[in-house]
K.L.:
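Let me begin by handing over the structure; questions about it come next.
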Amino acid sequence: MELAKTIKYVRELVKAARSDGKKIGFVPTMGALHIGHVSLIDRAVNECDFVVVSIYVNPTQFGLSEDFEKYPRTLDADLKICEKAGTDVVFAPADNEMYEYENITWDDTEKLTEPLCGQSRPGHFKGVTTICAKLFNIVTPDIAYFGQKDAQQSVVIKKMVDDLDMPLQITTCPTLREPDGLALSSRNKYLDSQQRKDAALIYESLQIAAEAIAHGTKEPQTIIDQMRTTLSRIKNADIEYVSVVNADNLRYLDKIAGKALIALAVKIGDTRLIDNILVDAGE
Ligand code: PAF
């Protein structure tokens, strides 16, 4: 496995692989890798001939009061995980490699970034799409892999790729969960033991929603109320949103039908966690 710290070097490595006719898979990450990331790398290794993982805590997607400074940085452990998973290149650039001086060109995916996380994280998705556009231009992958846990991110990136005719495919992989249902996330590390226990209620609330929908509930508000009741059992929780939206265009639903995304964000103490499930509610 190669470690590339510069854009120039990762480009050279990818160019050589491509000239050997290899299909390039790409897993963009912010490091602090866990088995959720490993599942993305595994999928890339299975479907592609040459796999690049990027590890970069992107400052432009963090708000001023967010956790950029304290975001876990575990490069040595991450490199071992990548190597074991069969990664060919880890691209781990320094900040001045990615944003050399003031960045004045942005990718902004309107409308899709207004609901859900966009409400409380203004500018977040602009940072995400911009860094992803940059990484796609650097790595030039055939397929890039994202996790379903960040459902809105995946929808937004797919739309960016479509709208800007970027020549790659976006593949969204299922969320991996702890035995009690908590979605794997690098931010789970922030939880103390009581918070970690309470965090299981997040998935419980989503399952209650899925069950109610399977039993014919069509009213989003009924689902939202039930979920909020479950989430309110978490101590010191601030429920940021619980929403039922169309899974493709993220518009709020008046009536649950077709492919719906049930998504939520909740702050437990200082830790903001998100999760979601996809349901097919039929006609
Ligand atoms: O999902 C993440 O870890 C980040 O948002 C991403 C896609 C690596 C962009 O910084």
Side-chain angles (χ1 to χ4, degrees), residues 29-34 36-37 57-74 112-129 131 146-156 175-210 220-245 247 250 252 260-278:
T29 81
M30 298 205 299
L33 302 182
H34 50 66
H37 296 110
V57 184
N58 171 38
T60 65
Q61 70 189 75
F62 288 80
L64 284 179
S65 59
E66 293 183 359
D67 57 345
F68 174 68
E69 297 297 341
K70 78 162 191 178
Y71 197 83
R73 286 159 173 87
T74 56
L112 288 177
T113 58
E114 283 158 17
L116 311 177
C117 294
Q119 289 170 87
S120 63
R121 303 190 77 189
H124 165 71
F125 287 108
K126 196 167 136 184
V128 170
T129 44
I131 194 67
F146 291 84
Q148 174 63 27
K149 187 180 78 69
D150 297 299
Q152 187 173 15
Q153 169 169 279
S154 232
V155 171
V156 165
T175 303
L176 259 64
R177 299 183 180 280
E178 299 282 4
D180 67 358
L182 178 65
L184 295 189
S185 160
S186 305
R187 290 188 168 99
N188 293 351
K189 288 193 170 117
Y190 301 150
L191 301 171
D192 68 26
S193 61
Q194 181 61 50
Q195 292 172 331
R196 170 63 193 80
K197 228 165 146 190
D198 285 352
L201 289 163
I202 294 175
Y203 188 54
E204 197 175 313
S205 76
L206 288 166
Q207 283 181 306
I208 289 169
Q221 200 53 50
T222 308
I223 301 292
I224 292 167
D225 291 345
Q226 285 177 353
M227 289 178 67
R228 282 184 171 272
T229 304
T230 303
L231 293 168
S232 66
R233 285 163 47 206
I234 303 176
K235 287 176 205 70
N236 291 322
D238 177 13
I239 303 170
E240 198 179 277
Y241 69 81
V242 177
S243 302
V244 181
V245 296
L250 306 183
Y252 294 108
L261 179 75
I262 323 285
L264 63 90
V266 57
K267 230 172 155 187
I268 306 185
D270 289 335
T271 305
R272 183 179 181 277
L273 298 175
I274 59 171
D275 201 354
N276 66 81
I277 48 164
L278 279 171

K.L.:
Yes or no on side-chain hydrogen bond (donor to acceptor under 3.5 Å, both in side chains) for Thr230 and Glu204, after CA distance, side-chain angles and deciding distance?
P.N.:
CA-CA 8 Å; Thr230 303; Glu204 197 175 313; 5.5 Å; no
K.L.:
If we ignore hydrogens and angles and just use 3.5 Å, is the side chain of Ser232 paired with the main-chain N or O of Thr229 as donor and acceptor?
P.N.:
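Flag set: sc Ser232 to bb Thr229 pair under 3.5 Å.
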K.L.:
Rounded at 0.5 Å granularity, tell me how far CG in Leu273 sits from OG in Ser185.
P.N.:
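The OG atom of Ser185 is 6.0 Å from CG of Leu273, to the nearest 0.5 Å.
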K.L.:
Donor-acceptor pair, distance only, cut-off 3.5 Å: does the side chain of Gln226 make one with the backbone of Ile223?
P.N.:
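Checking the backbone N and O of Ile223 against the side chain of Gln226, no donor-acceptor pair under 3.5 Å is found.
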K.L.:
Mind listing the closest non-hydrogen atom pair of Ala183 and Thr175 along with its distance?
P.N.:
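Closest pair (atom of Ala183, atom of Thr175, distance): CB-CG2, 3.7 Å.
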K.L.:
Hey, what do you get for CG (Leu191) to CG (Leu182), rounding to the nearest 0.5 Å?
P.N.:
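Reported value, rounded in 0.5 Å steps: 7.0 Å.
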K.L.:
Looking at side-chain heavy atoms only, is the closest gap between Ser186 and Met30 below 4.5 Å?
P.N.:
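Ser186 does not reach Met30 side chain to side chain.
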K.L.:
First locate atom OG1 of Thr129, then atom NE2 of His124, and finally report the distance between them rounded to the nearest 0.5 Å.
P.N.:
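Going from OG1 on Thr129 over to NE2 on His124, the span is 9.5 Å.
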K.L.:
Give me the one residue out of Arg272, Lys267, Arg228 that meets salt bridge (Lys or Arg N to Asp or Glu O under 4.0 Å) with Glu240.
P.N.:
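Exactly one option meets the salt bridge (Lys or Arg N to Asp or Glu O under 4.0 Å) with Glu240, and it is Arg272.
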K.L.:
Applying the side-chain hydrogen bond (donor to acceptor under 3.5 Å, both in side chains) criterion to Arg196, which one of Asn188, Thr271, Asp180 satisfies it?
P.N.:
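Of Asn188, Thr271, Asp180, side-chain hydrogen bond (donor to acceptor under 3.5 Å, both in side chains) with Arg196 is met by Asp180 alone.
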K.L.:
So, Thr113 side chain and Phe125 main chain: donor-acceptor pair closer than 3.5 Å or not?
P.N.:
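A pair under 3.5 Å: no.
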K.L.:
Mind checking the CD-CG spacing from Gln148 to Leu176? Nearest 0.5 Å is all I need.
P.N.:
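Reported value, rounded in 0.5 Å steps: 12.5 Å.
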K.L.:
Any heavy-atom pair between the side chains of Pro115 and Tyr252 that's under 4.5 Å?
P.N.:
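Sidechains of Pro115 and Tyr252: in contact.
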K.L.:
Using every non-hydrogen atom in the two residues, find where Thr29 and Gly31 come nearest and quote the distance to one decimal.
P.N.:
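Answer, listing the atom of Thr29 first, then Gly31: OG1-N, 3.0 Å.
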K.L.:
I want to check something: taking the side chain as every heavy atom from C-beta on, are Glu178 and Leu184 in contact at a cut-off of under 4.5 Å?
P.N.:
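Yes; the side chains approach each other to less than 4.5 Å.
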K.L.:
Testing Asp150, Asp275, Asp67 one by one against Arg187 for a salt bridge (Lys or Arg N to Asp or Glu O under 4.0 Å), which residue passes?
P.N.:
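Looking at Asp150, Asp275, Asp67, the match for Arg187 under the salt bridge (Lys or Arg N to Asp or Glu O under 4.0 Å) is Asp67.
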K.L.:
Ignoring hydrogens, what is the shortest heavy-atom contact between Lys235 and Ile268? Give both atom names and the distance.
P.N.:
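Shortest heavy-atom contact: O-CG2, 4.2 Å.
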K.L.:
Report yes or no: does Gln153 contribute a side-chain atom to a donor-acceptor pair with the main-chain N or O of Val128 at less than 3.5 Å?
P.N.:
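Here the side-chain-to-backbone pair does not exist.
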K.L.:
Calculate, to the nearest 0.5 Å, the distance between atoms CG and CG belonging to Leu231 and Asp238 respectively.
P.N.:
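Taking CG in Leu231 and CG in Asp238, the distance rounds to 11.5 Å.
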K.L.:
Supply the atom-to-atom distance Tyr71 OH to Gln61 CD, rounded to the nearest 0.5 angstrom.
P.N.:
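Interatomic distance, Tyr71 OH to Gln61 CD, rounded to 0.5 Å: 8.5 Å.
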K.L.:
Taking atom CG of Asp270 as the centre, report whether more than 12 heavy atoms of other residues, nucleotides or ligands fall under 6.0 Å from it.
P.N.:
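No - once you tally the heavy atoms of other residues, nucleotides and ligands closer than 6.0 Å, there are 12 at most.
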K.L.:
On a heavy-atom basis, which atom in Thr74 and which in Ala32 lie closest, and how many Å separate them?
P.N.:
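The pair with the smallest heavy-atom distance is OG1-CA, 3.3 Å.
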K.L.:
At their closest point, which heavy atom of Tyr190 faces which heavy atom of Gln195, and how far apart are they?
P.N.:
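That would be O-OE1, 4.0 Å.
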K.L.:
For Asn236, does the CG atom sit with more than 12 other heavy atoms under 6.0 Å from it, leaving out its own atoms?
P.N.:
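No, because the 6.0 Å sphere around CG of Asn236 holds 12 heavy atoms or fewer from other groups.
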K.L.:
Would a distance-only check, ignoring hydrogens and angles, find a side-chain to backbone donor-acceptor pair under 3.5 Å from Ser205 to Met227?
P.N.:
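Pair absent, no side-chain N/O of Ser205 close to backbone of Met227.
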K.L.:
Would you say Leu206 and Ile262 make side-chain contact, with heavy atoms under 4.5 Å?
P.N.:
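Yes, side chains in contact.
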K.L.:
Shortest non-hydrogen contact from Leu112 to Leu250?
P.N.:
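That would be O-CD1, 3.6 Å.
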